[in-house]
Amino acid sequence: MDEGPLMTTTLDVLTFNLNNPGRERAERQLAYLAARPEPVLVLTETADSAGCDLLATRFESAGYSVTFPRPKRGERGVMIVSRLATKPGPAETDYLPHRCVSVTVHTTYGSLDVIGLYVPSRDATEAKTDRKRTFLEQCQSSLPQGWGYSMRVVIGDFNILEPTHTPRYRFFQPFEYGFYEFLRAAGYQDAFRALHPDELEYSWVGRTGDGYRYDHAHVSEPLAAVLHECSYTHDVRIGDDRLTDHSALSVSLAVRPTTPLTVVPPLTVAAEPAPALF
């Protein structure tokens, strides 16, 4: 039996860091994600792995639209899973293209682009710093503007902080804060900060207890006027089940989607057998 028509007055998008799960944790993530109300899921820190393949296969077999360019071995990327019909979106990068994935869905107000980003993390080495800088420069060249009439959400694990982040970490470099400023200059608003100007929220917490708001949703000018809610869900990170090491982030927009797919619950779809080990 299908899950019926999608009757909603909002279009909601969730970003969730998978943390490249093994098959067992992927099964638990599948149960959680399938029960979420958001019709569009932007899943970051994917890999060409058994766990991510399980998620992609089960969602696709259940009738969802799955956009998942497989990263090369040892790399990470983005998967977008949708209960709405999608077509390829407007954003892509030549450098680390699996980390910038976009789709377009349809609403009563027209097309809406969902752009998922998984920005590389870095350490103090020159190689990883250059890698992150190059990817962010590519994003600045490739992301379409947020001004005008186009409806766009840029969402995911950005691995950057807002310039006014509390606490202030001295090891962040100007180019990292610069990407946040670029989004603002390009016509995008930080959805969480627009609705919660003074709240301190952290989506990732280090071993020493230091908190970082790494996961973001930025919306283009037309969508800023129809922001309904934007909030973090921490139980996936700190709950007993501990599905991932990041909090999830959901953004709700007061626009009605128009192209729901006929899907079945992914948990009812038979799993592919695990490969034999020799």
Taken in chain and number order and not counting sequence neighbours, the residues that satisfy side chain to side chain donor-acceptor pair (under 3.5 Å) with S49 are N20
Any ring-ring contact (aromatic ring centres under 6.0 Å, His included) involving residues 184-203? Give me the pairs, sequence neighbours left out, ordered by first then second residue. H165-Y202, F192-H196, F192-Y232
Only counting residues at least two apart or in another chain, list the ones meeting ring-ring contact (aromatic ring centres under 6.0 Å, His included) with F182. F179
Donor-acceptor pair between R237 and S247 side chains, under 3.5 angstrom: yes
Any carboxylate oxygen within less than 4.0 angstrom of a Lys/Arg side-chain nitrogen, looking at E24 and R28? yes
Return yes when atom CG of D94 has more than 12 non-hydrogen atoms of other residues, nucleotides or ligands closer than 6.0 Å, and no otherwise. no
Compile the donor-acceptor pairs under 3.5 Å between side chains in residues 147-158 and protein atoms, sequence neighbours left out, one pair per line.
unit_1, atom_1, unit_2, atom_2, d
W147, NE1, A185, O, 3.1
R152, NE, D113, OD2, 2.8
R152, NH1, Q145, O, 2.8
D157, OD1, N159, N, 3.2
D157, OD2, N17, ND2, 3.1

Quick one: closest heavy-atom pair of L84 and P260, and the distance? CD2-CA, 4.0 Å
Would the number of heavy atoms belonging to other residues, nucleotides or ligands and lying under 6.0 Å from CD of E201 be above 12? yes
Sequence neighbours excluded, which residues qualify as ring-ring contact (aromatic ring centres under 6.0 Å, His included) partners of Y95? none
Should the pair D48-K72 be classified as a salt bridge under the 4.0 Å nitrogen-to-oxygen rule? no
Just checking, is any N or O donor in the side chain of T86 or S65 under 3.5 Å from an acceptor N or O on the other one? yes
Under the side chain to side chain donor-acceptor pair (under 3.5 Å) test, residues paired with T93 that sit two or more places apart: none
Could you check whether R36 and Y32, counting side-chain N and O atoms only, form a donor-acceptor pair closer than 3.5 Å? yes
How would you list, by chain and number, every residue that makes a side chain to side chain donor-acceptor pair (under 3.5 Å) with S250, sequence neighbours excluded? E38
Under the side chain to side chain donor-acceptor pair (under 3.5 Å) test, residues paired with E126 that sit two or more places apart: none
Please list, chain by chain and in numerical order, all residues satisfying salt bridge (Lys or Arg N to Asp or Glu O under 4.0 Å) with D130, sequence neighbours excluded. R133
Restricting to side-chain contact (heavy atoms from CB on, under 4.5 Å), what partner residues turn up for T166, sequence neighbours left out? L200
Non-neighbouring partners of Y109 that pass ring-ring contact (aromatic ring centres under 6.0 Å, His included), sequence neighbours left out: none
A191: which residues meet the side-chain contact (heavy atoms from CB on, under 4.5 Å) condition with it, sequence neighbours left out? A217, V219, L227, C230, V251
Which atom of F171 lies closest to which atom of R122, heavy atoms considered: O-NH2, 2.7 Å
